[in-house]
Structures are given as structure tokens and as C-alpha cells.
Participant: 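Got a structure for you, questions after.
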Amino acid sequence: MTETPSTPPAPQPRDPVAAFREDSANNQFRNARLEKLSALRAAGVEPYPYRFDRTWLAADIESQYADIAAGTETGLEVRICGRIRAIRNNGMFIDLHDSSGKIQVFSHKDFLTPDQIELVRLLDLGDMIGVTGLVRRTPRGELTVNASEVNILAKALLPLPEKYHGLSDVETRYRQRYLDLIMNPESRDTLRKRSLIMTAMRNYLIGEGFLEVETPMLHTISGGATAKPFVTHHNALGMDLFLRIAPELHLKRLIVGGLSDRVFEINRCFRNEGISPRHNPEFTTLELYQAFADYTDMMSLTEAILEHVAIAANGTTDAVVGDRVLHFKGPFARRSMAGLVHEITGVDFLQIDDAAGARDAARKLGCKIDGKENWGQALEAAFGHHAEHTLIQPTHVTDLPRDISPLAKVHRADPRLTERFETYANGIEIANAFSELTDPQDQFARFEDQMHQREAGNDEAQDMDLDYVTALEYGLAPTGGLGIGIDRLVMMLTNSPSIRDVIAFPTMRPITGI
RNA sequence: GAGCCCGUAGCUCAGCCGGUAGAGCAUCUGACUUUUAAUCAGAGGGUCUCGGGUUCGAACCCCGACGGGCUCACCA
């Protein structure tokens, strides 16, 4: 009997701490910089000091002296600080980058003590330094600070990526975002714009009388959306908890309680689903609820919010996405889901009465149908397959089926539909809103229907939330609700092809280190 | 979860039909004090992601693993 061809022996994982120590010790760049670090300390210079009094940002100096002629001395003494991004002529010229931009530093023996010249000799690309000196424009036209004092603020032990081609490896850019941000101005711009967008959104809503609130991330019942949750465990309670898939049910409880007639939350949701250029396991949403309003009010509000944040991001309601320009200027087109499908495919689902007929119709339209779909799911499938990707300019797709909208009020004109809309742009959904279902008995029945769907194998069906039904039994005012996917909105307003570009630290598999 | 593609120096990339590793920048040494991707001369730097296999010989061919990208599925 010959030896059984066994699976190859599992590679021994390296102890990551030992590996870090070993790799560091063998790193020629790091060792060269460690020697300079020692030389600094030997000269009495602390390479990691506590603070620096900055008086100017690079961009402010530039705008202040944009018009002075080459060769002009300003007489203004500034204290600037930032990261060394280029060294020319043996340290005589240093490009210093701060959060606002770049400025050149001139370090010459005429202005610096011999000790300071020695310190400059020990500087490397990537070091953080502070510089004191007079501003002038060189004969070659470069705005420059004539250093009279140089302070090291942080010695960099590792070299930066190459100055010309920069860092382009997408994996490194996402894993080591700090490097990406140092090297790629467009990454900084995108994440800064994200912050502007969120601030503008908050300010707008607060100006409209909305109260910002926080609701639980840890849920005992996974509700408010149809999605698979992450499960975690609380040791002291001895129970599993779900990371929330949506804040919806808690926010509406706050409306019931009268905390405010208008509440909103901008925060994270978690869904245990696939990762793609448009999906990250954790993502950020705006959800807001406005008492005494319905879904038509939400359409206007959606338009107002998108207009407002588009201008905050880009100064215009036009957003360039690839080779297209999206116009975030209301009013957006309003198209019913069934109407769109009818127009595009010629099939009018409203003329089909039963689920089996709807499934047949969807199947004939090329949709993947497994036979368990109800009428609304079949219509949704047809919409997803044929209509969704055609919606380039912002469009409210209205009157979604009741079957797929367990938290929305039945449409006042057609019991198969709800007063719900989703806003699409560039072929993807960015907003979802409805006249909230406020009838507790109807809500209870909808939850029961969801439970039946779950029993039938739909693991994304929502759980019964009896406390939420109880809240409704105390009376929820007519309420309009709206959710906006912040990440996707930021993608559109920053022309980012991947959701990972608009999330500072997107979810990545760890490096195993074998 | 499936399919396709990718992984070479710190970074950006070459590496042909399988013959034993290259460039630029960066680093180090020297020259040079008004540069702008500074320049010039020299030097060092590699477990070719990892593990098997085929072969006299593998960065290259085959199998597997790991990581990433795109597409699809699911969804926002």
C-alpha cells in the first residue's frame, strides 16, 4: 500500500508580533532612519515632542501673497508645520505639505545655526517638521519660507511611496488608508466632501425643525428592513443580539412618544450580505420621520435634501458621474413602479390578479423566479431586471407593492400597492420613503405575513415586533418616513466608482501573515 | 456563494519560447548651495504572495491555499 496522497501540511502561521519585530529589524530604510533618530537624540533633540505653535497654513500664505512678484521679500514671519514630501539640493529646499496644501522651505546656512543645519541633514521624506521663517517669493517664483528655525515634530521610520507615481495599489490604499490619504489628494477630497455632505444634511434638517436622535445599534429583534443581520452575543445577559439592519422601528417609537414631531438619525447599519463595489457590510443611512406628513411630502423633502447637499459638495446641483451629469434639482420625475415596467416591457402587472400569473409574467421577462414569489415580489423582480438600471437622472419610483412593503401604508387608490417610493439615480437606489403604516391591526397582520414568509424559507423576512405594535396601539400620528443611503449618495457626489472609496476603512479580510 | 483577471525591490513597473532578477524613484556614499519629478558619479537592496508538482532547470507550466479587483447572485 502506497502512501496516501495527503493534503499538504498546513503552513505554520507566523506569530504576528514576532514577524513584525523581525521584519522591522531587517528593514534597511527603517534602520537608516533609526540611526538618524539616535543622532537627533544624541544632539539633544527630541524627535517626538509635545506641541508646536503654528501661526499659518500653507494655503493662507499662498492666498495672502498670491500676487507678489518673484524675488519679493515680505518681512512676514510665519510658523508652519507639516510633512516633508520632497527634499532638493541636499536639504536646501524642502516641500512641506500641511492639511491645506504645500509650501516650500528654504534652509540655508546664512539663516540657520550649524546645529540646525545638522538637524536638517538628519531629516527624511515623510518627517513631520515645524518651521519658523520669513516669507518670500524666490527669483524662480516659488513662495518660500526662509527657515530661521526648524523643529522636528515626528521622525518617520518608514519611507513614503514613490513621489511621482504615488500609491496606486487599491488593496494598500484601503488597508493603509493613512498612506492613501498622505499620497492621494483625491482620496482626501472625497472623504472631506463626505464630511461636508453629512454636515450639510444635518444642518439642513435641524433648520427644518428635525431633532437628531440616537437609537440602539444592538437589537433583540432584527427589524425595519428586509436583510440578513449580524449576530453577536452579550455575555452578562446570556443572549444573542443583532446588529441593527435599520433604525426605523425605534425612530417611529420616538414619534409615538412625542419626543419631537420630526426626528432623524444619521448612523451605521449592518447587513450580513455580499460585498461589492456598491455594498459594504456596515454602511451609513439617514432616516427621518415627520409627523402629519405623507409620502408626497417625503418626495419634496428628498429633493430639497439632495439639492442642498449637492450644492454643499460641489457648489452646483449638477454631479458628474463617469461620462454623465446627474441633475439633483427638483422636482424629480415621478414614475409608478408598475407603470415603468409596463412602459419598458409591455407587461402591465396591474392587469395580472394572482401571484402565479405574475410569476409567469416575470419569468417570461427573463427574471430568475423560484416559484415562491408573491405578486409584489414578481413585479419587483421585473422592475429590477428591466427598469432599475435605466433610471439615470434622479427619479422617484412610486407605489411599490404592499407585498414587499410591510411597514408602509396601503395606497389610498389601490390595495395591492403602498404609498411608498424609492429614489433612483445613476441606476441605483439612493432613497426609500413612505407614508408610514400607522394602523396597529394592519401592522400586526403584516408582521404575521412576514412570519409566514419566513416559515416559507425567506430568511430576510422581518420578525414580529410586538412592542412596536403596542406602540402603534397607543397611536402614531400620520407620519412620513425617509431613508437615504449616505455612502451611495457620496459616491455620486464625488464621482467615486466604488463604495470603498467613500468609506475611510472599508471592510477587508485580515492579512493572515503566513 | 459562482465565474473571470491580478499578486516580481519600500513605491511604480519590465521580465519574450522555461535557462536561475531588471529599470526609474526611494535608500546609502561622494560632488554640487536658488532647486521645482533638482542634477552628476558610485553602492547596497529580492523566500518573484504561500505550499506542492512537472522538469536537468520554474517568476514563467500544472494543482491547491491566501489576498485583491471586476462581473453575477443578494441587497442599500
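We name chains A, B, ... by the order of the sequence lines, and we start the count at 1 in each one.
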Participant: Among B:G68, B:U34, B:C70, which nucleotide sits nearest the side chain of A:R175?
Facilitator: B:G68

Participant: Kindly give the heavy-atom pair with the smallest separation between A:A246 and A:R271, and that separation in Å.
Facilitator: CB-NH2, 4.3 Å

Participant: Looking at CD1 of A:I245 and CZ of A:F230, how far apart are the two atoms once the value is rounded to the nearest 0.5 Å?
Facilitator: 12.0 Å

Participant: How do A:E142 and A:S498 order along RNA chain B: which one's closest nucleotide is nearer the 5' end?
Facilitator: A:E142

Participant: Would you classify A:Q28 as touching base, sugar-phosphate or nothing, given that sugar-phosphate means primed atoms plus P, OP1 and OP2, and contacts are heavy atoms under 4.0 Å?
Facilitator: base

Participant: Can you tell me how far the OG atom of A:S107 sits from the CD1 atom of A:I94, to the nearest 0.5 Å?
Facilitator: 4.5 Å

Participant: When the distance from CZ of A:R121 to C1' of B:A31 is rounded to whole Å, what number comes out?
Facilitator: 15 Å

Participant: CD1 of A:I117 to CG of A:L112: how many Å apart, nearest 0.5 Å?
Facilitator: 4.5 Å

Participant: Measure from the side chain of A:F106, starting at C-beta and using heavy atoms only, and say which of B:U34, B:C25, B:A38 lies closest.
Facilitator: B:U34

Participant: Looking for any heavy atom pair under 4.0 Å, which part of the strands does A:R30 touch: base, sugar-phosphate only, or nothing?
Facilitator: nothing

Participant: Take the protein atom CG of A:L125 and the nucleotide atom C1' of B:C28, then report the distance between them rounded to whole Å.
Facilitator: 14 Å

Participant: Let's test your reading of the model: under 3.5 Å, does the base of B:G7 pair with the side chain of A:E171 as donor and acceptor?
Facilitator: no

Participant: A:R88 side chain: which of B:C28, B:U34, B:A38 is closest?
Facilitator: B:A38

Participant: Atom OH of A:Y164 to atom P of B:C13: distance rounded to whole Å?
Facilitator: 13 Å

Participant: Which value, in whole Å, describes the distance between the P atoms of nucleotides B:G30 and B:C66?
Facilitator: 49 Å

Participant: Would you call the rings of A:F332 and A:H396 parallel, tilted or perpendicular if under 30° counts as parallel and over 60° as perpendicular?
Facilitator: tilted

Participant: What's the gap between B:C60 and B:G19 when it is taken at their P atoms, as a whole Å value?
Facilitator: 11 Å

Participant: Scan A:N90 against the nucleic acid and name what it touches under 4.0 Å (heavy atoms): base, sugar-phosphate only, or nothing.
Facilitator: base

Participant: B:C74, OP1 or OP2 - any side-chain N/O from A:R271 closer than 4.0 Å?
Facilitator: no

Participant: Work out how far the C1' atom of B:U34 is from that of B:A21, and round it to whole angstrom.
Facilitator: 41 Å

Participant: Is the base of B:C70 syn or anti, where syn means the angle lies within 90° of 0?
Facilitator: anti

Participant: Picking from B:G69, B:C74, B:A38, which would you name as closest to the side chain of A:R500?
Facilitator: B:G69

Participant: Please state how far atom CG in A:L122 lies from atom C1' in B:C28, giving the value in whole angstrom units.
Facilitator: 14 Å

Participant: May I ask you to say whether A:D127 pairs ionically with A:K155, meaning some side-chain N is under 4.0 Å from a carboxylate O?
Facilitator: yes

Participant: Distance between the C1' atoms of B:C48 and B:U8, in whole angstroms?
Facilitator: 4 Å

Participant: How close or far is atom P of B:U12 from atom CG of A:L179, stated in whole angstroms?
Facilitator: 10 Å

Participant: Quote, to the nearest angstrom, the P distance that separates B:C62 from B:A23.
Facilitator: 29 Å

Participant: Looking at A:K163, does any N or O in its side chain come under 4.0 Å of the phosphate oxygens OP1/OP2 on B:A26?
Facilitator: yes

Participant: Quick check for you: among B:C72, B:C11, B:C28, whose closest atom lies nearest to any side-chain atom of A:R278?
Facilitator: B:C72

Participant: Over how many whole Å does the gap from A:D95 atom CG to B:U34 atom P extend?
Facilitator: 17 Å

Participant: Counting the atoms with a prime plus P, OP1 and OP2 as sugar-phosphate, which does A:G483 contact under 4.0 Å by heavy atoms, base, sugar-phosphate, or nothing?
Facilitator: nothing

Participant: So what does A:R85 hit on the nucleic acid, given a heavy-atom distance under 4.0 Å: a base, only sugar-phosphate, or nothing?
Facilitator: nothing

Participant: May I ask you to say what A:K102 touches in the nucleic acid, namely base, sugar-phosphate or nothing, with a heavy-atom cut-off under 4.0 Å?
Facilitator: nothing

Participant: Is the Lys NZ or Arg CZ of A:R136 less than 6.0 Å from the centre of A:F106's six-membered ring, within 45° of the axis?
Facilitator: yes

Participant: Let me spell it out: for each of A:K228 and A:P139, pick the nucleotide of RNA chain B with the closest heavy atom. Which residue's pick is nearer the 5' end?
Facilitator: A:P139

Participant: Could you give the distance separating B:U54 and B:C4 at their C1' atoms, to the nearest angstrom?
Facilitator: 26 Å

Participant: Name the nucleic acid region contacted by A:R509, choosing base, sugar-phosphate or nothing; use a 4.0 angstrom heavy-atom cut-off, strictly under.
Facilitator: sugar-phosphate

Participant: Out of B:A38, B:U12, B:G68, which nucleotide sits closest to the side chain of A:V170?
Facilitator: B:G68

Participant: Report the distance from atom CG of A:L407 to atom CD of A:Q462, rounding to the nearest 0.5 Å.
Facilitator: 5.0 Å

Participant: Where the side chain of A:Q104 is defined as all heavy atoms beyond and including C-beta, which of B:U71, B:U36, B:U27 is the nearest nucleotide?
Facilitator: B:U36

Participant: Using atom P of each nucleotide, how far apart are B:C40 and B:G51 to the nearest Å?
Facilitator: 40 Å

Participant: Could you write out RNA chain B as a dot-bracket string, with dots for unpaired bases, | for bases paired across to another strand, and Watson-Crick or G-U pairs counted at under 3.5 Å?
Facilitator: (((((((..((((.....[..)))).(((((.......))))).....(((((..]....))))))))))))....

Participant: Taking atom P in both B:A65 and B:G1, what distance in whole Å separates the two?
Facilitator: 12 Å

Participant: So what does A:M508 hit on the nucleic acid, given a heavy-atom distance under 4.0 Å: a base, only sugar-phosphate, or nothing?
Facilitator: sugar-phosphate

Participant: Classify the nucleic acid contact of A:T138 as base, sugar-phosphate or nothing, counting any heavy atom under 4.0 Å across all strands shown.
Facilitator: base

Participant: How long is the span from the CD1 atom in A:I61 to the CG atom in A:D98, to the nearest 0.5 Å?
Facilitator: 8.0 Å

Participant: Quick one: NE2 on A:H108 to CG on A:N89, what's the gap to the nearest 0.5 Å?
Facilitator: 10.0 Å

Participant: Quick check on side-chain contact (heavy atoms from CB on, under 4.5 Å): which of A:D501, A:L493, A:V490 does A:R194 satisfy it with?
Facilitator: A:V490

Participant: May I have the distance from A:E73 (atom CD) to B:U34 (atom P), rounded to whole angstrom?
Facilitator: 15 Å

Participant: Can you identify which nucleotide, out of B:U34, B:U27, B:C11, has its nearest atom closest to the A:L167 side chain?
Facilitator: B:C11

Participant: From CD1 of A:I275 over to P of B:C70, roughly how many Å is that when rounded to an integer?
Facilitator: 11 Å

Participant: At under 4.0 Å between heavy atoms, what does A:N432 touch on the DNA or RNA strands: base, sugar-phosphate, or nothing?
Facilitator: nothing

